[in-house]
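Everything below concerns the one structure shown next.
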Amino acid sequence: MSRTVGWLLLAALAAAPPLALAAGQPFYVDILTRLVCLAAAATSLNLILGHGGMISFGHAAYIGIGAYAVGIPAYYEIYDGWLHLLLAVACSALFALATGAVALRTRGVYFIMITMAFAQMVFFAVVSIEEYGGDDGLVIDIRSEFPLVDLEDSLTLYYACFAVLLGTLYLVHRLVRSRFGMVIEGARGNERRMAALGFAFYRHRLAAYTLAGALCGLSGAMLGNFTNFISPEMMDWTRSGELIFMVVLGGTGALFGPLMGAAVFLLLEELLSGWTIYWQLPFGLLLILVVLFARGGLAGLLEGRRG
C-alpha cells in the first residue's frame, strides 16, 4: 500500500507544476520545488539511517556544502552548471569520507554527537568567512548554466530537481536490494555476527555514508539554485533535525517514506506557520505520537502496522 501511495505521490508531483502555472499560482511551484529538493536530501539520509542504523545529526551540512559549491563559483562569475554539480558531489563526498572515517568508529549517542560536531564546525567555518557573506549569506545572481537547459525558468528548474529526486530514489532502491545493502542492514542488526561471517562492514558503512553525503550535496546544489540565496543557516543542526523528522515521520527504511515525510512536513509548516509563531511545537507532539503509536511512520500505517 505504501508503494502505491508513493507512486501516486510521484505522479502528482510530475503533473502538478504545469497545472499550478496554468491556474496562475506560481507560488505552489516554488513549494513543490522545495519539497522535491528536501525529499531527495531526506532519501539520502534514509540510506544510512533507515537501512544502516546510522543516526547522523549533521546531514544538513552536505546541503550547505552543495549550495556553496554553486554560490562560491557564481560569486566569481563562474556559472558552468556541470562544474557546480561536480564540486557539490565531490566536496560533499570528501567531507563525508573524512568525517565518516572517524565517526563510524563510535556508536550510539557518541556517533550522533560527533556527526553534529563536524557539521557545526563547517557551520562556524562558513560564518567566519566574510568574503562570502559570513552570517548574512550570499546571493546567487545567476543560476547554474547548462546547454539547452534554462534553470532561470521555474518549470525547468522544478523538473531538474524532480529528476534528481527520481535518480536518488532509484539509486537507493538498487543499493539496498543488492549484496552491499544486505551487508549494511545486517550490520545494523548484529555486528558481531556479520564480522564472524567475514564481512568487512566498516568499509561498507563508510561507503554508504560517503554516498549519502554526495547525494545530499547534489540536492543542496539544486536547492541553492532554487533559493538564489545561500547562508550558513542551511547547514545548522536544526536543519539536520528536520531531515531526521522527515525520515522518521515517513518511515525509516521505506523507499517512499522520506518523500511522504517531507510532503507532510512542508504541508504542516505552511499551515501552522500562518496560525502561530510556535508552529514547531505541534511537530514535536506529532513526532512523539508517531514514535509511540505508528511503528514505521506513515509507510507503516499504510501497511497496517501499529506501535
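Each residue takes its place number in the sequence, starting with 1.
In terms of hydrophobic clustering, with Ile, Leu, Val, Met, Phe, Trp and Tyr side chains grouped at heavy-atom distances under 4.5 Å, Leu175 and Met182 are assigned to different clusters. Leu271 and Leu285 fall into different hydrophobic clusters, defined by Ile, Leu, Val, Met, Phe, Trp and Tyr side-chain heavy atoms under 4.5 Å apart, directly or through other members. Val126 and Met121 fall within the same hydrophobic cluster, where Ile, Leu, Val, Met, Phe, Trp and Tyr residues are linked whenever their side-chain heavy atoms come under 4.5 Å apart, directly or through other members. Phe95 and Phe124 fall within the same hydrophobic cluster, where Ile, Leu, Val, Met, Phe, Trp and Tyr residues are linked whenever their side-chain heavy atoms come under 4.5 Å apart, directly or through other members. One hydrophobic cluster, built from ILVMFWY side chains closer than 4.5 Å, holds both Val109 and Val102.
Rounded to the nearest 0.5 Å, atoms CD1 (Ile48) and CZ (Arg205) are 11.0 Å apart. In this structure, Leu35 CG and Leu259 CG are separated by 6.5 Å, a value rounded to the nearest 0.5 Å. A distance of 9.5 Å separates CG of Leu32 from CG of Leu266, quoted to the nearest 0.5 Å. His173 NE2 to Leu47 CG: the interatomic distance, rounded to the nearest 0.5 Å, is 13.5 Å. The distance from atom OG1 of Thr115 to atom CZ of Phe111, rounded to the nearest 0.5 Å, is 5.5 Å. Note that the CZ atom of Arg239 and the CE atom of Met234 stand 9.0 Å from one another [nearest 0.5 Å].
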> Going through the checks in order, is the side-chain contact (heavy atoms from CB on, under 4.5 Å) test met by Ile244 and Leu49?
Replying inline: CA-CA 8 Å; Ile244 293 177; Leu49 193 158; 4.2 Å; yes
>> Evaluate Leu10 against Leu166 for side-chain contact (heavy atoms from CB on, under 4.5 Å), listing each step before the verdict.
In response: CA-CA 9 Å; Leu10 280 179; Leu166 291 179; 4.0 Å; yes
> Can you check side-chain contact (heavy atoms from CB on, under 4.5 Å) on Leu45 and Ser56, steps first, answer last?
Replying inline: CA-CA 8 Å; Leu45 176 60; Ser56 173; 4.3 Å; yes
>> Using ring pair (Phe, Tyr, Trp, His ring centres under 6.0 Å), reason through Tyr132 and Tyr68 one step at a time and then give a plain yes or no.
In response: CA-CA 9 Å; Tyr132 305 128; Tyr68 273 91; 7.5 Å; no
>> Could you go through His51 and Thr252, starting from their C-alpha distance and side-chain angles, then the distance that decides it, and tell me whether this counts as side-chain contact (heavy atoms from CB on, under 4.5 Å)?
In response: CA-CA 8 Å; His51 298 283; Thr252 55; over 6 Å; no
> For His59 and Ser44, what are the C-alpha separation, side-chain angles and deciding distance, and is it a side chain to side chain donor-acceptor pair (under 3.5 Å)?
Replying inline: CA-CA 9 Å; His59 206 67; Ser44 69; 3.0 Å; yes
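Looking only at side-chain heavy atoms (C-beta outward), Ser219 and Tyr62 stay at 4.5 Å or farther from each other. Residues Tyr75 and Asp141 form no side-chain contact, since every pair of their non-hydrogen atoms from C-beta on lies 4.5 Å or further apart. With contacts defined as side-chain heavy-atom distances shorter than 4.5 Å, the pair Asp30/Phe226 qualifies. Here the side chains of Leu211 and Leu171 are in contact, with some heavy-atom distance below 4.5 Å. Contact annotation: the side chain of Ile63 approaches that of Leu243 to within less than 4.5 Å [non-hydrogen atoms, C-beta and beyond]. Pro258 is not listed as a side-chain neighbour of Met246, based on a closest heavy-atom distance of 4.5 Å or more. Looking only at side-chain heavy atoms (C-beta outward), Met116 and Ile112 stay at 4.5 Å or farther from each other. Residues Asp150 and Leu157 are not in side-chain contact: their nearest non-hydrogen atoms beyond the backbone lie 4.5 Å or more apart.
The two atoms that bring Pro147 and Trp82 nearest to each other are CD-NE1, 3.8 Å, heavy atoms only. Smallest separation of non-hydrogen atoms from Pro17 and Leu155: CB-CD1, 3.6 Å. In plain terms, the two heavy atoms of Val248 and Leu287 that are nearest each other are CG1-CD1, 3.7 Å. For Gly217 against Ala88, the heavy-atom pair with the smallest separation is O-CB, 3.7 Å. Taking every heavy atom of both residues into account, Ala96 and Thr210 meet most closely at CB-CA, 3.7 Å. Heavy-atom minimum distance, Gly213 versus Ser92: O-CB, 3.3 Å.
Counting non-hydrogen atoms of other residues, nucleotides and ligands closer than 6.0 Å to OH of Tyr28 gives a total of 12 or fewer. Counting non-hydrogen atoms of other residues, nucleotides and ligands closer than 6.0 Å to CG of Leu206 gives a total above 12. Around the CD atom of Glu77, the shell of radius 6.0 Å holds no more than 12 heavy atoms that belong to other residues, nucleotides or ligands. Within a 6.0 Å radius of CZ in Arg174, other residues, nucleotides and ligands contribute 12 heavy atoms or fewer.
In this structure, Thr43 contributes its side chain and Thr168 its backbone to no donor-acceptor pair below 3.5 Å. Between the side chain of Ser240 and the backbone N or O of Ala60 there is at least one donor-acceptor pair closer than 3.5 Å. For the pair His204 (side chain) and Phe199 (backbone), a donor-acceptor distance under 3.5 Å is absent. A side-chain donor-acceptor contact under 3.5 Å links Asn228 to the backbone of Ile140. At least one donor-acceptor pair closer than 3.5 Å links the side chain of Arg143 to the backbone N or O of Leu151. Of the possible polar contacts, one joining the Asn46 side chain to the Gly253 backbone as a donor-acceptor pair under 3.5 Å is found. Of the possible polar contacts, none joining the Glu152 side chain to the Ile142 backbone as a donor-acceptor pair under 3.5 Å is found. Within the 3.5 Å criterion, the main-chain N or O of Thr156 finds a donor-acceptor partner in the side chain of Asp153.
The ring of Phe256 has its center closer than 6.0 angstrom to the ring center of Trp7.
Under a 4.5 Å side-chain heavy-atom cut-off, the cluster of Ile, Leu, Val, Met, Phe, Trp and Tyr residues that includes Leu8 has no other member.
Salt-bridge annotation for Glu269 and Arg34: present, with a side-chain N of the basic residue lying under 4.0 Å from a carboxylate O of the acidic one.
Classification of the Tyr158-Phe162 ring pair by plane angle, with boundaries at 30° and 60°, yields parallel.
Tyr202 carries Arg105 over the face of its six-membered ring, with the cationic atom under 6.0 Å from the centre and within 45° of the normal.
Between the side chains of Ser144 and Asn225, at least one donor N or O sits under 3.5 Å from an acceptor N or O.
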